[in-house]
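First the structure, in the form of structure tokens, and then the observations on it.
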Amino acid sequence: MTVVATAAALSLPISFSKSPKFNFKKSVKVGFRVFAVFGEEGAIERKSGWQTLFDVEDPRTKVPQSKGKFLDANQALEVARNDIQYCDWRARQDVLTIMHLHEKVVEVLNPLARNYKSIGTMKKELAELQGELAEAHKQVHKSEARVSTALDKLAYMEELVHDRLLQDRNTAELDSPSTSPGTSRQSHDSITRRSPKKSLNVSGPVEPYHPRLKNFWYPVAFSSDLRDDTMIPFDCFEEPWVLFRGKDGNPGCIRNTCAHRACPLHLGSVNDGRVQCPYHGWEYSTDGKCEKMPSTRLLNVKIKSLPCFEKEGMIWVWPGNDPPAANLPSLQPPPGFQIHAELVIEIPVEHGLLLDNLLDLAHAPFTHTSTFAKGWSVPSLVKFLTPASGLQGYWDPYPIDMEFRPPCMVLSTIGISKPGKLEGQTTRECSTHLHQLHVCLPSTRHKTRLLYRMSLDFAPILKHIPFMHYLWRHFAEQVLNEDLRLVIGQQERMLNGENIWNMPVSYDKLGVRYRLWRNAVEEGAKQLPFSKSN
């Protein structure tokens with residue numbers, strides 16, 4: 001689903017890393033940072049204004065000298081990188097040569113200089129400069145070709161090294177359990193322990209939600225969407241509700257049905273911290289009490305309300321009958337991340353099916369062939385590594401840490417080496433990251449309210465680009481639509497009696513654990529499986 005969805009969007013509209021195909025002319029125009037050098041034999045004098053751009057050492061002085069005839073994989077990669085640095089250095093010197101020659105042309109054509117030179121002398125000098133400029137332009141084109149070839153070579157070598165490292169890693173894991181550098185760093189003896197298979201049967205019409213599943217705090221909206229004069233209608237466990245802010249500015253949640261004639265309250269307005277019904281003007285406070293009845297005597301009327309709380313930019317409700325838990329979980333992104341997008345999308349599938357999809361990454365190279373996974377190779381083996389008693393872990397070979405947070409949240413941190421690409425073995429090996437939160441609120445048995453939040457630990461400038469949220473929504477919906485056509489098909493078959501968890505395999509581990517957790521909640525288990533206390 002939208003896990004890793006927006007990774008594909010990060011290459012637009014601004015690139016913050018080297019492009020796979022290096023465009024030298026564009027680089028000069030927009031002022032990219034370079035590893036280029038100026039200082040080869042015959043170097044020309046530079047103007048102080050360009051000092052910062054060109055005044056670095058010749059990269060050839062830093063090339064490591066390899067002893068022996070053969071190079072290992074890492075040495076070969078280093079040689080390729082040095083080739084690229086030298087090509088870039090050479091190209092920068094060519095450009096500086098052109099700049100210098102252009103200055104000479106201006107100098108020759110200067111009105112003051114013309115007073116002291118004959119026409120013949122000037123023609124001769126201009127002809128010589130034109131020849132030098134033509135030669136310099138040829139050198140630039142050659143440098144572009146060299147850089148492009150070197151980058152292609154580096155990409156090919158990196159792919160070979162990646163395949164070799166993956167093969168070595170998989171071989172090592174057959175002999176000893178692997179440790180996770182991402183979300184879970186506990187001892188992984190349990191990874192190699194084979195737990196007995198538990199049967200799952202998710203088939204037939206969706207049963208009414210069990211009351212025990214309601215006894216949790218559920219995020220239902222982002223704080224930024226609820227202003228003092230607005231309301232947010234939503235469904236939760238097949239009941240209609242409406243959010244609004246009271247006189248004190250705190251959010252309240254009441255049933256979205258007027259006690260008088262069952263009119264939807266969200267069609268009305270918020271007046272002085274009360275919701276006014278659009279039919280006859282009855283007004284309700286955040287606790288559901290009717291405080292105003294125009295044109296008639298005030299009666300003691302109260303509609304149902306839910307415990308409502310605001311924390312860390314999200315609004316939560318407790319739809320269950322049990323007393324609310326004292327603490328709300330934190331869904332904040334990790335330190336160093338900034339929130340870039342908050343989206344709310346209504347999905348026409350049961351929330352468990354949507355969670356099944358979000359907790360699965362093995363489908364990406366087959367389903368998302370037009371968006372973020374376009375061109376991905378299919379790994380020989382996909383695994384989700386996690387402790388025996390946990391709902392979190394990390395994907396191998398994808399650099400993604402993931403966690404299911406009860407009752408309906410999925411958090412993931414994705415390592416991004418290049419905009420729009422997933423690279424590296426673990427999240428720690430990637431310099432930039434994307435963090436995602438998916439909240440799958442059970443609206444009805446056939447509809448989910450999806451709250452999606454995306455955070456980045458790089459590119460803060462994107463927050464200030466106008467209309468950027470429209471771009472994020474566009475990419476999220478593109479990825480979502482690739483999933484929906486499959487999940488809706490699953491739902492249709494499930495309703496007709498097919499078991500959508502008929503034959504789980506190893507990479508289904510996190511989805512299976514979510515189903516087992518949910519079954520235990522509905523059955524009233526005293527100790528829930530995979531809890532941290534286990």
Side-chain angles (χ1 to χ4, degrees), residues 1-2 206 208-211 213-246 249-259 262-270 273-278 284-288 303-321 324 328-329 331 341-355 358 405-410 437-453 469 473 476-477 480 484:
M1 186 66 63
T2 45
V206 181
Y209 288 110
H210 198 284
L213 199 59
K214 300 179 182 181
N215 290 318
F216 293 90
W217 283 107
Y218 283 86
V220 295
F222 294 110
S223 297
S224 57
D225 293 334
L226 187 63
R227 299 186 297 273
D228 290 340
D229 59 346
T230 60
M231 291 178 280
I232 298 179
F234 68 97
D235 292 334
C236 182
F237 290 107
E238 303 198 89
E239 286 191 84
W241 303 95
V242 63
L243 290 173
F244 66 102
R245 293 192 182 275
N250 292 324
C253 181
I254 61 176
R255 204 164 193 275
N256 192 14
T257 306
C258 182
C263 180
L265 292 174
H266 77 275
L267 300 177
S269 59
V270 179
R274 296 191 297 263
V275 171
Q276 184 184 74
C277 177
Y284 300 87
S285 58
T286 54
D287 62 357
I303 58 177
K304 187 177 179 181
S305 64
L306 295 180
C308 186
F309 199 79
E310 187 170 22
K311 178 184 178 182
E312 297 175 346
M314 303 195 78
I315 299 173
W316 303 66
V317 301
W318 181 278
N321 294 323
L328 277 74
L331 298 181
E342 291 181 336
L343 308 175
V344 180
I345 306 173
E346 300 293 337
I347 311 295
V349 296
E350 194 268 335
H351 89 290
L353 284 173
L354 187 58
L355 282 168
L358 290 170
R405 183 80 57 83
C408 64
M409 287 84 78
V410 179
L437 165 69
H438 294 83
V439 177
C440 300
L441 180 70
S443 298
T444 71
R445 282 178 282 175
H446 305 291
K447 188 175 74 172
T448 300
R449 179 178 172 87
L450 173 65
L451 277 65
Y452 171 71
R453 186 172 68 195
H469 60 287
R473 176 173 284 274
E477 289 178 347
L480 189 62
L484 277 183

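Just so you know, these numbers come straight off a predicted model, no measurement behind them.
Pairs passing the salt bridge (charged side-chain N to carboxylate O under 4.0 Å, His left out) check and including a residue from residues 214-224, sequence neighbours excluded, do not occur.
Between Asp235 and Arg449 there is no side-chain heavy-atom pair separated by less than 4.5 Å. The shortest distance between side-chain heavy atoms of Glu342 and Tyr452 does not fall below 4.5 Å. A 4.5 Å side-chain heavy-atom check between Arg245 and Leu226 finds at least one atom pair inside the cut-off. At a threshold of 4.5 Å between non-hydrogen side-chain atoms, the residues Thr444 and Val206 do not count as touching.
Applying the side-chain hydrogen bond (donor to acceptor under 3.5 Å, both in side chains) rule to Ser223 yields the partners Glu310; only residues at least two apart in sequence or on another chain are considered. Partners of His446 according to the side-chain hydrogen bond (donor to acceptor under 3.5 Å, both in side chains) rule, which considers only residues two or more places apart in sequence or in another chain, do not exist here. Taking Ser305 as the reference, Ile254 meet the side chain to side chain contact (heavy atoms under 4.5 Å, CB included) condition, with sequence neighbours excluded. With sequence neighbours excluded, the residues satisfying side-chain hydrogen bond (donor to acceptor under 3.5 Å, both in side chains) with Asn250 are Asp248. Taking the ring-ring contact (aromatic ring centres under 6.0 Å, His included) definition, one finds that Tyr218 meets it with Phe237, sequence neighbours left out.
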For Val242 and Cys253, run side-chain contact (heavy atoms from CB on, under 4.5 Å): C-alpha distance rounded to whole Å, both residues' side-chain angles, the deciding distance at 0.1 Å, then the answer. CA-CA 6 Å; Val242 63; Cys253 181; over 6 Å; no
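Atom-to-atom distance recorded for Met314:CE and Leu328:CG is 10.5 Å, nearest 0.5 angstrom. Atom OG1 of Thr230 sits about 12.5 Å away from atom NE2 of His266, to the nearest 0.5 Å. The CD1 atom of Ile345 sits 12.0 Å away from the OG1 atom of Thr448 when rounded to the nearest 0.5 Å.
The closest donor-acceptor contact from the side chain of Asp229 to the backbone of Val270 lies at 3.5 Å or more, if one exists at all. Remark: side-chain polar atoms of Asn256 are not paired, donor with acceptor, to backbone N or O of Pro264 under 3.5 angstrom. Counting only distance, with no hydrogens or angles, the side chain of Tyr209 and the backbone of Glu238 share no donor-acceptor pair below 3.5 Å.
Partner Trp318 forms a ring pair (Phe, Tyr, Trp, His ring centres under 6.0 Å) with one of Phe216, Trp217, Phe309 and no other, that one being Trp217.
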